[in-house]
Amino acid sequence: GAVVSQHPSWVICKSGTSVKIECRSLDFQATTMFWYRQFPKQSLMLMATSNEGSKATYEQGVEKDKFLINHASLTLSTLTVTSAHPEDSSFYICSAQDTFNQPQHFGDGTRLSIL
Amino acid sequence: LAKTTQPISMDSYEGQEVNITCSHNNIATNDYITWYQQFPSQGPRFIIQGYKTKVTNEVASLFIPADRKSSTLSLPRVSLSDTAVYYCLVGRNSGNTPLVFGKGTRLSVIA
C-alpha cells in the first residue's frame, strides 16, 4: 500500500534554530501534500497545502514566512520552521494521496521540541 | 468542508464490539466518509472508507444510512491495542482536497 515517510521523527533544538522536516511518498507520486500540526491532547490542524512546482497554500493564521514549504519533486515536500521558538514545539504530520478516490496516507509525524 | 460530530470518549471491555457514530449533516454529494485511527505520537492510520450502505474490511465495518447524514464505525471484538483516538472525516477524494479533522473519539479498552 501507499507509504508516506517523514524525517526526522524527533528533533530537539535551541531557540532561534531553523529546522527542516521532510515528507516523502515512497511508492507513489503526489502532486499535492498536506502539512498538519497537532498539540498535545488536541486534533490535527491543517497548516498548508503543498503543491509540486508551485507555491504552497497556507491556512488562515499560519505564517508563510515562518513555515516555509518546498515541494520540488513529486515525491518530496519539506517544511522548514524558521527561527523556531518554544511555542513552535508541536507534532508535525504530513499526508498525501496517491490516486483519485483513494484515502490519504499520513506520515508518522515529527516531534519538534524547541528549548 | 463538512463538519463532523463524534462522542468525545468511549470505554469498552476487551472482546466487545464497539460502535462509534459520527454525524455529518452537511455532507455533500461528492463527499466520501473516511475513518482514521491515531495512537499517541503517531500519524493517523487509515481504517476504512465508504460512500453509502455498508463497507467491510479485515479490521472494521462502516455503516452508512441512505441519507448519509451519519455513519457508524464498528470494531468487532476490540482488544487493548485498539485503545486510540478515532477520527471520522468527510470530504472529496480529489487528491488536492485536505482533510479537516474534528475532535475525534478517544476509545479506551479495558481488560
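Residue numbers begin at 1 in each chain, while the letters A, B, ... track the order of the sequences. Because only heavy atoms are used, hydrogens play no part in the values below, and waters and symmetry mates are left out as well, while side chains stay in.
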Chemist: Between A/Gln38 and chain B, which part of the residue has a heavy atom less than 4.5 Å away: side chain, backbone, both or neither?
Modeler: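 The answer is the side chain of A/Gln38.
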
Chemist: Does A/Lys66 reach the main-chain N or O of A/Ser83 with its side chain, forming a donor-acceptor pair under 3.5 Å?
Modeler: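 Present.
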
Chemist: Taking side chain as C-beta onward, heavy atoms only, is B/Ile20 less than 4.5 Å from B/Trp35?
Modeler: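 Touching, per the 4.5 Å side-chain cut-off.
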
Chemist: Any sub-3.5 Å donor-acceptor pair from A/Ser73's side-chain atoms to A/Thr75's backbone N or O?
Modeler: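 Checking the backbone N and O of A/Thr75 against the side chain of A/Ser73, a donor-acceptor pair under 3.5 Å is found.
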
Chemist: Taking side chain as everything from C-beta outward and backbone as N, CA, C, O, which of these in B/Tyr36 sits under 4.5 Å from a heavy atom of chain A? Side chain, backbone, both or neither.
Modeler: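 For B/Tyr36, side-chain heavy atoms alone lie under 4.5 Å from chain A.
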
Chemist: Among B/Gly43, B/Pro44, B/Pro40, who wins on heavy-atom pairs under 4.5 Å with chain A?
Modeler: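 The residue among B/Gly43, B/Pro44, B/Pro40 with the greatest pair count is B/Pro44.
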
Chemist: Between A/Ile93 and chain B, with a heavy-atom cut-off of 4.5 Å, which part of the residue counts as in contact: side chain, backbone, both or neither?
Modeler: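 A/Ile93 touches chain B through side-chain heavy atoms alone.
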
Chemist: Measure B/Tyr87 against the heavy atoms of chain A and call it side chain, backbone, both or neither at under 4.5 Å.
Modeler: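 Side chain only.
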
Chemist: Would A/Glu22 and A/Arg24 pass as an ion pair if we require N to O under 4.0 Å?
Modeler: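 Looking at A/Glu22 and A/Arg24, the cut-off is met.
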
Chemist: Under 6.0 Å from the ring centre and within 45 degrees of the ring axis: does the NZ or CZ of B/Arg45 meet both conditions for the six-membered ring of A/Phe106?
Modeler: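 Here B/Arg45 fails the 6.0 Å and 45° test against A/Phe106.
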
